[in-house]
Asks: 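Mind looking over this structure? Questions follow.
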Amino acid sequence: MSRMMIISAAVAVIGLGAYFVTTPGSNSVTPANPLGAANAQEAADVDTSSIMEMTLGNPDAPVTVVEYASYTCPHCARFHEGPFKQLKSEYIDTGKINFVYREVYFDRYGLWASMIARCAGTPEAFFGMSDLIYQGQSEWTRAGDPGAIVGELRKIGLLAGLDAETMEACLQDGEKAQTLVAWYQQNATEDGVESTPSFVINGQKYSNMSFAEMAEVIDGASN
């Protein structure tokens with residue numbers, strides 16, 4: 001991968017437009033920089049230390065599993081509907097692994113979904129919100145124009161207990177949006193992520209896999 005997609009902070013603002021070379025539902029990163037070299041340099045210089053890593057499980061476990069996923073990726077939704085539940089039951093809840101979830105932004109819709117999920121605050125609330133976002137993926141990603149899509153994401157946020165004012169503040173936080181995108185770019189570039197879902201298990205990258213395959217890798221890394 002030569003470079004990762006850079007997205008303007010303006011994509012967080014519903015009334016402003018941003019255009020991408022990928023569409024909701026894609027699961028391959030198409031390197032693009034719609035802002036130009038100057039903006040790319042600015043993004044590379046963004047301080048991303050304020051972004052919270054969303055983790056579950058045992059931080060001191062011998063195995064760390066990092067998932068890179070997009071809220072608009074159907075393959076990611078299927079992973080969270082099935083294999084992830086098994087992973088959580090057998091490895092995360094039992095303290096056998098440290099699980100880290102990192103968002104990938106193919107499009108503005110995935111970024112908006114991420115900002116709604118992170119608006120929940122704690123990692124536990126974030127993962128609960130993520131479950132709802134993935135469960136409703138086929139509905140909210142096909143709601144129509146951007147305003148309708150954000151409207152559906154707001155409904156998910158309300159269902160999860162967020163109030164309208166809090167969600168609006170999160171969606172309008174352009175600085176947070178820019179920081180999230182820079183954080184995504186830095187992580188994905190470092191780990192060589194080119195598609196979703198991708199997994200980094202104790203530093204080794206893997207593409208989408210079944211639970212059985214993942215369990216075999218985790219068990220091998222634990223020995």
Side-chain angles (χ1 to χ4, degrees), residues 7 11-12 24-27 29 48 50-59 64-93 97-143 149-163 166-171 173 176-177 179-181 183-184 187-188 191 193 195-201 208-209 211 214:
I7 307 174
V11 299
S26 170
N27 75 309
V29 175
T48 61
S50 63
I51 302 301
M52 181 189 301
E53 285 278 23
M54 294 301 176
T55 66
L56 291 172
N58 177 12
T64 294
V65 177
V66 181
E67 178 192 3
Y68 282 90
S70 166
Y71 288 117
T72 59
C73 161
H75 298 288
C76 301
R78 284 193 286 274
F79 174 77
H80 278 264
E81 288 169 2
F84 177 73
K85 296 185 186 303
Q86 293 176 278
L87 183 70
K88 187 173 186 302
S89 174
E90 298 186 27
Y91 288 93
I92 297 174
D93 293 345
I97 67 170
N98 177 37
F99 179 81
V100 182
Y101 180 93
R102 290 178 178 170
E103 302 96 298
V104 169
Y105 304 123
F106 292 134
D107 46 57
R108 52 184 168 176
Y109 309 121
L111 177 58
W112 291 339
S114 174
M115 295 180 79
I116 289 286
R118 286 179 172 272
C119 202
T122 66
E124 291 78 10
F126 168 86
F127 281 103
M129 184 81 79
S130 295
D131 284 344
L132 293 175
I133 291 172
Y134 277 125
Q135 288 170 20
Q137 184 191 82
S138 61
E139 287 77 32
W140 68 264
T141 57
R142 295 174 173 80
I149 287 174
V150 174
E152 291 301 312
L153 287 171
R154 283 199 183 99
K155 290 179 183 178
I156 293 174
L158 290 170
L159 182 63
L162 292 178
D163 61 81
T166 298
M167 280 191 289
E168 192 64 22
C170 289
L171 284 168
D173 191 344
K176 179 67 171 290
T179 305
L180 278 171
V181 172
W183 170 80
Y184 143 67
N187 287 329
D191 286 334
V193 173
S195 63
T196 57
S198 287
F199 305 93
V200 178
I201 302 176
N208 192 15
M209 63 179 80
F211 171 73
M214 181 175 289

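Worth saying up front: this structure is predicted, and the values here are computed from it rather than measured.
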Asks: Please list, chain by chain and in numerical order, all residues satisfying salt bridge (Lys or Arg N to Asp or Glu O under 4.0 Å) with Arg102, sequence neighbours excluded.
Replies: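 Per chain and number, Arg102 pairs via salt bridge (Lys or Arg N to Asp or Glu O under 4.0 Å) with Glu53, Asp191.
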
Asks: Looking only at heavy atoms, what is the nearest atom pair of Leu111 and Ala177, with distance?
Replies: CD2-CB, 4.2 Å

Asks: Looking only at non-hydrogen atoms, find the nearest pair between Pro197 and Cys76 and report the distance.
Replies: N-SG, 3.7 Å

Asks: Could you check Leu132, Val150, Ile133 and say which one makes a side-chain contact (heavy atoms from CB on, under 4.5 Å) with Trp140?
Replies: Ile133

Asks: Checking Thr141 side chain against Gln137 main chain: does a donor-acceptor pair fall under 3.5 Å?
Replies: yes

Asks: Looking only at heavy atoms, which two atoms of Met129 and Ala120 are closest? And how far apart?
Replies: CE-CB, 4.1 Å

Asks: Donor-acceptor check, side chain of Tyr68 to backbone of Asn187, threshold 3.5 angstrom: yes or no?
Replies: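 At least one qualifying donor-acceptor pair exists.
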
Asks: Do you know the tightest heavy-atom contact between Glu103 and Ser114?
Replies: OE2-OG, 2.7 Å

Asks: Do the side-chain N and O atoms of Asn208 and Ser198 include a donor-acceptor pair separated by under 3.5 angstrom?
Replies: no

Asks: Taking side chain as C-beta onward, heavy atoms only, is Leu56 less than 4.5 Å from Ile92?
Replies: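 Answer yes - side chains close enough.
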
Asks: Could you tell me how the ring of Tyr71 sits relative to the ring of Tyr134: parallel (under 30°), tilted (30 to 60°) or perpendicular (over 60°)?
Replies: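 Rings of Tyr71 and Tyr134: tilted, as their planes differ by 30° to 60°.
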
Asks: Is there a side-chain contact between Asn58 and Ile97 in this structure, where contact means two heavy atoms from C-beta onward sitting under 4.5 Å apart?
Replies: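 Side-chain contact under 4.5 Å: no.
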
Asks: Could you list the donor-acceptor pairs under 3.5 angstrom formed by side chains in residues 81-89, with sequence neighbours left out?
Replies:
residue: Lys88; atom: NZ; partner: Asp93; partner atom: OD1; Å: 3.0
residue: Lys88; atom: NZ; partner: Asp93; partner atom: OD2; Å: 3.3

Asks: Check whether any side-chain heavy atom of Met167 sits under 4.5 Å from a side-chain heavy atom of Leu158, and report yes or no.
Replies: yes

Asks: side-chain contact (heavy atoms from CB on, under 4.5 Å), that's the test. Do Leu180 and Lys176 meet it? Break it down for me.
Replies: CA-CA 6 Å; Leu180 278 171; Lys176 179 67 171 290; 4.2 Å; yes

Asks: Taking the six-membered ring of Trp112, is NZ or CZ of Arg118 closer than 6.0 Å to its centre and within 45° of its axis?
Replies: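 No, Arg118 and Trp112 do not form such a contact.
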
Asks: Check for me whether the distance between the ring centres of Phe79 and Phe211 falls short of 6.0 Å.
Replies: no

Asks: Would you name the heavy atoms of Thr72 and Gly110 that are closest together and state the gap between them?
Replies: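 Answer, listing the atom of Thr72 first, then Gly110: CG2-N, 3.7 Å.
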
Asks: Say whether His80 and Glu67, considering side chains only, have a donor N or O and an acceptor N or O under 3.5 Å apart.
Replies: yes

